[in-house]
Amino acid sequence: MRESVCFYINGKKHEVAGEHAFLNLSDYLRYHVSLPGTKVVCAEGDCGACTVLISSLHNMSDGKLRYRSINSCISQLFQLDLHSIITVEGIEEEDKLHEVQSSMQKNHGAQCGYCTPGFICAMAGMTDNLIQENQKLDEKKSKNYLTGNLCRCTGYDPILKACEEINLSKIKPLYERYHNESMLEEFQSLSKKPLKINTDSKDLFLPIDEEQAFSFFDEKSKITSGATDLGVLINKGKLEQQKIISFNNIQNFHDVSKIKNEFHIGPRATWSSIENAIETDLPEYTGIIRIFASPQIKNQGTLVGNIANASPIGDGIPYLMVNNSTLELSSKGGSRIIPVSDFYKGYKKLDLNTGEFIKKVILPIPQANEWTKLYKVSLRRDLDISAVTFAGVVELKGTQIKSIRIAFGGVGPIVLRVPKTEDFLTGKEFNRENIFKAHTILESEITPMSDLRGSKEFRMTVARNLLLKFHDELATEKLSQKVEVTL
Ligand SMILES: Cc1cc2nc3c(=O)[nH]c(=O)nc-3n(C[C@H](O)[C@H](O)[C@H](O)COP(=O)(O)OP(=O)(O)OC[C@H]3O[C@@H](n4cnc5c(N)ncnc54)[C@H](O)[C@@H]3O)c2cc1C
Ligand code: FES
Ligand code: FES
């Protein structure tokens with residue numbers, strides 16, 4: 001049994017025990033190890049000022065670590081056990097600016113400079129990933145990689161110009177510079193031992209297999225996954241954790257596997273790894289993941305965390321409800337499989353017994369005759385929380401609806417299916433007239449509320465329009481029908 005967290009920062013080993021294991025990485029860097037280059041602005045994962053790069057044995061490519069950006073303000077040290085971390089202080093090479101730093105300097109990419117270390121880390125991570133994948137840099141990729149970094153004074157043009165002028169061939173990538181065989185061997189060896197930390201106020205356990213997890217897990221334990229939901233609550237003082245379990249060191253819990261016509265997704269699989277794995281087979285779901293949060297959040301947050309957090313506007317959930325996805329729930333007594341659409345019993349109420357956790361999400365790959373559309377309506381496209389979400393799958397016989405499954409988020413206490421609307425449409429012609437008739441039934445099945453993101457009337461109108469859009473887009477794309485717009 002180990003009693004301290006072990007990680008490397010900019011190539012130097014750190015071991016942390018006791019209460020310090022629960023510090024946020026940003027605080028540890030700034031106040032405990034004199035690395036104040038990392039800044040904190042929002043402390044909620046929203047602005048990217050605190051961006052650092054991390055990698056672990058779960059992120060390897062050709063025997064080398066693959067660094068990814070995360071927000072250090074919502075990452076506690078125990079989550080970084082057996083990780084290599086690179087901060088802004090570790091980006092320049094032997095007193096020579098990294099190519100991204102030179103380009104930012106040349107293009108005046110900073111004014112107050114507070115966001116700059118976060119941008120530099122995100123940009124260095126981007127160049128590393130592109131070099132590792134043998135890809136070129138273009139404006140679209142720069143914009144995508146930097147979605148999670150906000151700048152309040154420079155404006156984005158100089159920053160994008162700095163990206164445009166980066167010469168990838170001049171860069172010695174971080175995964176080469178920080179490659180360290182003895183560190184990797186040490187991580188391999190330590191990964192065979194569970195980690196337990198007991199303090200006056202907290203118990204923490206990182207098991208290395210499922211059996212060990214059961215020995216600790218009880219009604220008082222709280223699972224920390226990527227902590228992109230939990231970390232925000234902790235920073236806001238809304239959550240005091242006492243008994244914490246993390247599955248981070250259970251190797252196979254990070255897996256995303258394609259088995260026949262299904263994806264099996266482990267509880268520690270991040271949004272980024274899922275996005276890469278499903279891209280070809282599930283393009284609609286990939287489209288939703290593309291506009292989910294930011295790279296920093298997707299590199300830490302998990303699908304399972306999104307499901308268990310049970311937000312009525314959780315973006316991962318609507319599709320799982322309409323494509324017949326299931327959850328494997330595991331406990332000491334064995335495991336059971338339930339449909340995602342039966343998992344939610346009320347606002348934040350789950351069909352999850354004491355001592356049970358989500359072990360796997362099973363996502364079927366749809367048949368060619370099932371047509372899917374997923375929509376997210378939010379105030380802005382990137383890095384925003386949904387006002388209303390929609391998922392629909394329809395199977396037609398000719399132009400008649402053979403089966404239809406529809407789910408909405410943001411229009412009730414949970415993400416919900418609308419069975420009466422589905423029943424009404426089944427067997428009918430797939431046309432605008434029937435969709436308009438279905439609107440009346442839909443209105444009786446959803447109960448939107450007013451909040452900062454929209455009034456209940458707005459949400460009701462959006463829900464009706466999304467059902468219509470679902471028809472119109474499919475009629476145009478798949479049936480090559482001209483849709484007559486008469487509102
Ligand atoms: C800046 C920002 C942007 C965001 N943008 C979006 C967005 O666009 N769309 C969206 O839907 N969400 C968004 N989120 C919310 C969050 O990122 C997601 O919900 C994420 O998927 C949570 O995963 P996690 O691994 O971080 O969960 P955690 O925070 O670790 O855990 C969330 C909950 O799941 C429970 N849990 C974790 N693992 C298990 C398990 N195996 N079994 C049972 N319970 C478990 C935890 O105990 C906790 O209650 C955003 C968050 C931030 C901070
Ligand atoms: S300080 Fe804003 S994301 Fe961490
Ligand atoms: S330079 Fe001031 S916030 Fe970006």
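Whatever order the structure lists them in is the order used to number ligands and atoms, beginning at 1. Predicted, not measured: the structure shown is a model, and the values here were computed from it. Side-chain atoms are counted along with the backbone in the values below, which use heavy atoms only and exclude waters and symmetry mates.
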Trace of the salt bridge (Lys or Arg N to Asp or Glu O under 4.0 Å) decision for Lys222 with Glu240: CA-CA 10 Å; Lys222 186 83 178 155; Glu240 184 67 46; over 6 Å; no
Under 2.8 Å from atom 4 (Fe) of ligand 3, how many protein N, O or S atoms can be found? 2
Please say whether Gln300 places an N or O atom under 3.5 Å from an N or O atom belonging to ligand 1. no
Atom 14 (N) of ligand 1 protein-contacted, heavy-atom criterion under 4.0 angstrom: no
List ligand 2 atoms under 4.0 Å from Gly45, heavy atoms only on the residue side. 3 (S)
Protein contact of atom 1 (S) of ligand 2 - nearest heavy atom, named by residue and atom, plus distance: Val41 N, 3.2 Å
What atoms in ligand 2 come closer than 4.0 Å to a heavy atom of Cys42? 1 (S), 2 (Fe), 3 (S)
When you measure from atom 2 (Fe) of ligand 2 to the N, O or S atoms of Cys73, does any of those distances fall below 2.8 Å? no
Would you say the rings of Phe7 and His14 are close, in the sense that their centroids are separated by under 6.0 Å? yes
Please confirm whether Asp315 comes within less than 3.5 Å of ligand 1 when only nitrogen or oxygen atoms on both sides are compared. yes
Ignoring angles and geometry beyond distance, decide whether Leu230 reaches within less than 3.5 Å of ligand 1 through its nitrogen or oxygen atoms. yes
Can you tell me if Gln296 has a non-hydrogen atom under 4.0 Å from ligand 1? no
Counting heavy atoms only, which part of Asp46 comes closer than 4.0 Å to ligand 2: side chain, backbone, both or neither? backbone
Would you mind telling me which of Phe408, Phe390, Tyr375 makes a ring-ring contact (aromatic ring centres under 6.0 Å, His included) with Phe470? Phe390
Of the listed options (Leu352, Asp384, Asp229, Val415), which comes nearest to atom 19 (O) of ligand 1 when hydrogens are ignored and any heavy atom counts? Asp229
Distance-only N or O hit between ligand 1 and Ala227, under 3.5 Å: yes
Between Thr224 and ligand 1, does any nitrogen or oxygen pair lie at a separation below 3.5 Å? no
Hey, does Ile223 come in under 3.5 Å of ligand 1, counting only N/O atoms on both sides? yes
Closest by any non-hydrogen atom to atom 21 (O) of ligand 1: pick that one out of Ile74, Asn235, Thr302. Thr302
Before you tell me yes or no, could you show the steps for Arg405 and Asn324 under side chain to side chain contact (heavy atoms under 4.5 Å, CB included), namely the whole-Å CA-CA distance, both residues' side-chain angles and the distance that decides it to 0.1 Å? CA-CA 9 Å; Arg405 298 185 293 278; Asn324 295 331; 3.7 Å; yes
Counting only heavy atoms, tell me which of Ile291, Ile234, Leu239, Thr228 gets closest to atom 53 (C) of ligand 1. Thr228
Below a 4.0 angstrom heavy-atom separation, can you tell me which part of Ser26, side chain or backbone, both or neither, approaches ligand 2? neither
Ring centroid separation for Tyr8 and Phe187, is it under 6.0 angstrom? yes
Is there a salt bridge (Lys or Arg N to Asp or Glu O under 4.0 Å) between Lys106 and Glu165? Walk through the geometry before answering. CA-CA 9 Å; Lys106 188 171 149 227; Glu165 290 190 7; 2.7 Å; yes
N, O or S of Cys47 under 2.8 Å from atom 2 (Fe) of ligand 2: yes
